[in-house]
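Note that the structure is a prediction, hence the values are computed from the model and not measured. One-based numbering, in listed order, for ligands and for the atoms of each.
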Amino acid sequence: MDLPLTDPFARPISYLRVSVTDRCDFRCTYCMAENMTFLPKAELLTLEELDRMCSAFIRLGVEKLRITGGEPLVRREIMTFFRAMGRHLERGALKELTLTTNGSQLRRFARDLAECGVRRVNVSLDTLDAEKFGRITRWGRLAQVLDGIAAAQEAGLRVKINTVALKGENEAELFDLVDWCAQGDMDLTFIEVMPMGDIGGEDRLDQYWPLSDLRARLATRYTLTDLPERTGGPARYVRLEETGSKIGFITPLTHNFCESCNRVRLTCTGELYMCLGQEDMADLRAPLRGSDDDAALEAAIRAAIARKPKGHDFDYSRQQVAGQTLRHMSHTGG
Ligand code: SAM
Ligand code: SF4
């Protein structure tokens, strides 16, 4: 391998998140507007291009790949891509291949994913109430997602639940969600709403439930022990002593994680975002399509990593949403 990727702040870049589509079968209120315009197909990287792109990153030292979207499992023939990445797992260059999904297609794909070498899957689920689930996701059905989670567990995949903390929506369900995950042997991570993309009429500040408040509420019922575990991302973990289960908190609005950031994000059109909360990006599709040889692509990747900023600028203070990005999470990949 060539010299592994390292940014100007001496952070090794070992984790790539890849959005394989901007499309989705849900329309979560904090993520998308109801009427979304999606990209023309020609803009998207083909499955072969995604393979070439990710293989280049792996050659440069990426060891962990998270596939996301939009909804990654609605991309046609996506198992072809998972199988292609599975070969990097087999030869040991890739340590982990995983995905973030809304769970709607897991019944169909869980077994195939396990066969490709996927061991863990993050499923986004904000409520256990079917009616509320319908309201938050607009187009989703809770029963289908719960069945998808069951399918994943039957296939031997470890499931982690991601829950966006939503003021007035799932506040009252905090303990139900925690207990349900503990019973199903699933870790649970809460996420603060991030100001990403136009969501059509919804107000970010109306949705924002600070995790400091959520955590304090948890502590009224459980004994929380901080865990030293760090993933290079914005998550912090605690163990609930009474259940033994692990709870994560993703607080992108505080800056306390940027110094250990080990990740970059590739959009479905081949743009590389060096920071989730900054607009600077590098177009990697042009060098990829410009030549069959990967030299220009690798040079473009290295040049982009050399521009990775120290941190992001999200801020909800003074009742304003600052540092807002224009692009949707479904474009960059959450
Ligand atoms: N469709 C898949 C899913 O929902 O898991 C993968 C893509 S989704 C964009 C990835 C994660 O981002 C989900 O857990 C979702 O809840 C979260 N997300 C989307 N928009 C968000 C926002 N504005 N703030 C915080 N989290 C967000
Ligand atoms: Fe789709 Fe995931 Fe966004 Fe919900 S959060 S609309 S499931 S991409």
Specify whether Phe190 and Phe249 have parallel, tilted or perpendicular ring planes, treating 30° as the upper limit for parallel and 60° as the lower limit for perpendicular.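 Rings of Phe190 and Phe249: parallel, as their planes differ by under 30°.
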So does [X] have more than 12 non-hydrogen atoms from other groups sitting under 6.0 Å from [atom1]?
X	atom1	answer
Lys95	NZ	yes
Asn35	CG	no
Arg76	CZ	no
Glu242	CD	yes

Per-atom contacts, ligand 1 versus [X] - under 4.0 Å to a heavy atom:
X	answer
Gly69	7 (C), 9 (C)
Gly70	1 (N), 2 (C), 6 (C), 7 (C)
Val193	24 (N), 25 (C)
Thr68	6 (C), 7 (C)
Cys31	19 (C), 20 (N)
Glu192	24 (N), 25 (C)

Is a salt bridge present between Glu154 and Arg111, judged by a nitrogen-to-oxygen distance below 4.0 Å?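 Salt bridge: no.
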Which ligand 2 atoms, with their elements, are less than 4.0 angstrom from a heavy-atom of Cys28?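 Near Cys28, the atoms of ligand 2 are 4 (Fe), 5 (S), 6 (S), 7 (S).
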Contact check, Gly70 vs ligand 2, heavy-atom distance below 4.0 Å: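 The answer is yes: ligand 2 sits under 4.0 Å from a heavy atom of Gly70.
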Heavy atoms only, cut-off 4.0 Å: how does Thr100 contact ligand 1, side chain, backbone, both, or neither?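 Both of them.
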Side chain or backbone of Asp126 under 4.0 Å from ligand 1, or both, or neither, by non-hydrogen atoms?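 No part of Asp126 is near ligand 1 at this cut-off.
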State if Ser19 counts as touching ligand 1 under the rule of any non-hydrogen atom under 4.0 Å.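 Not so, Ser19 does not reach ligand 1.
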Hey, is atom 1 (Fe) of ligand 2 within less than 2.8 Å of some N/O/S atom on Cys24?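 Checking atom 1 (Fe) of ligand 2 against Cys24, an N, O or S atom does fall under 2.8 Å.
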Backbone or side-chain N or O of Thr101 under 3.5 Å from ligand 1 N or O: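 Yes: some nitrogen or oxygen of Thr101 is under 3.5 Å from one in ligand 1.
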